[in-house]
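Please read the structure below before turning to the comments.
Given the structure is predicted, the values throughout are model-derived calculations rather than measurements.
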Amino acid sequence: MTEPLTRTRSSSPLPPAAPAVGGAGFWPVMFRVLKVSREVALTVVALLGLLCIVALVLGFIYKASFVVFRTGSMEPLYPVGALSLTVQVPAGSLVPGDVVSVKRSESGVLVTHRVVSVEPDGSGASLRLKGDANSSEDPLPYNVDTAQKVLATVPAVGSWVMAMRGPGFIGGATLAVAVLVVWAYWPKRVARHKNVGDPVGETTGR
């Protein structure tokens, strides 16, 4: 008496199928990524706006301003394209070695050089300045009541600031912010469910 032959299934597990790129789980992931990107972009814009407000307040209170070095007269410590933060101080409080920004009386051009000497002159002072890379002092003294003293400097940032003042960048930034605002407040799609009118806990069958 013989036993019937039976087929046995292999116990080795089959390799998992690779998920399709356009499968059901692809779009939810993409929507989640877009949502996170939108939140990050809105946060960055908000922080930039807050920094602008803080800069305006500090500029109003402390007479602070920024100076961009466009020439190499103060290299190597202040290279071309560097951005410096300055505050307004009385000219009589300056000492040799300070780096200040003053305007030339004859042309109104802003000059940022190092103080060589300070001579009190009434309510202000007569400043002798010299660029670190220049071989001689500026030809004429600067008779001023106040000057913008350099406090901190960041290399290369000034070039970016000057580029951002151009009409192309301003127009592009305005368009980008407008798109971001529209994207943030765009009406969200409401999900539609089937069998909306069916009672809860009951099923329908045909």
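For residues 75-90, no pair satisfies salt bridge (Lys or Arg N to Asp or Glu O under 4.0 Å), with sequence neighbours left out. Listed by first then second residue, pairs satisfying ring-ring contact (aromatic ring centres under 6.0 Å, His included) with a partner in residues 76-118 read Phe69-Tyr78, not counting sequence neighbours.
Across Pro96 and Ser117, no two heavy atoms sit closer than the pair CG-CA, 4.4 Å. Nearest heavy-atom pair across Leu140 and Tyr142 is O-CE1, 3.7 Å. In terms of heavy atoms, Val118 sits closest to Ala91 at CG1-O, 3.9 Å.
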Would you list the atom pairs, donor with acceptor, under 3.5 Å between side chains in residues 82-90 and any protein atom, with sequence neighbours excluded?
from  : atom 1 : to     : atom 2 : distance (Å)
Ser84 : OG     : Thr153 : OG1    : 2.7
Thr86 : OG1    : Ser65  : O      : 3.1
Thr86 : OG1    : Ser65  : OG     : 2.9
Thr86 : OG1    : Gln148 : NE2    : 3.1

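The closest side-chain heavy-atom distance from Leu110 to Val102 is not below 4.5 Å. For the pair Val80 and Arg70, the minimum side-chain heavy-atom distance is 4.5 Å or more. Side-chain contact between Leu47 and Leu51 is absent, with no heavy atoms from C-beta onward closer than 4.5 Å. Val150 has its side chain out of reach of Val100: every pair of non-hydrogen atoms, C-beta onward, lies at least 4.5 Å apart.
No chain of hydrophobic side-chain contacts below 4.5 Å, direct or via other Ile, Leu, Val, Met, Phe, Trp or Tyr residues, connects Val67 to Val111. Both Leu127 and Leu151 are members of a single hydrophobic cluster when ILVMFWY side chains are connected at heavy-atom separations under 4.5 Å. In the hydrophobic clustering of this structure, Leu129 does not group with Val109; members are Ile, Leu, Val, Met, Phe, Trp, Tyr whose side-chain heavy atoms approach within less than 4.5 Å, directly or through other members.
Clustering of Ile, Leu, Val, Met, Phe, Trp and Tyr by side-chain heavy atoms under 4.5 Å joins Val33 with Val29.
Partners of Val95 under the side-chain contact (heavy atoms from CB on, under 4.5 Å) rule, at least two apart in sequence or in another chain, are Asp98. With sequence neighbours excluded, no residue forms a side chain to side chain donor-acceptor pair (under 3.5 Å) with Ser107. Residues that satisfy the side chain to side chain donor-acceptor pair (under 3.5 Å) test with Asp132, not counting sequence neighbours, are Arg114. Take Asp121 and apply the side chain to side chain donor-acceptor pair (under 3.5 Å) test, not counting sequence neighbours, and it matches no residue. Leu56 pairs by the side-chain contact (heavy atoms from CB on, under 4.5 Å) definition with nothing, not counting sequence neighbours. Residues meeting the side-chain contact (heavy atoms from CB on, under 4.5 Å) test with Glu137, sequence neighbours left out: Val116, Arg128, Lys130. In terms of the side chain to side chain donor-acceptor pair (under 3.5 Å) criterion, residue partners of Asp145 (sequence neighbours excluded) are, by chain and number, Ser123.
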> Ser126 and Asn143: side chain to side chain donor-acceptor pair (under 3.5 Å), yes or no, with the steps?
Replying inline: CA-CA 4 Å; Ser126 177; Asn143 299 314; 3.1 Å; yes
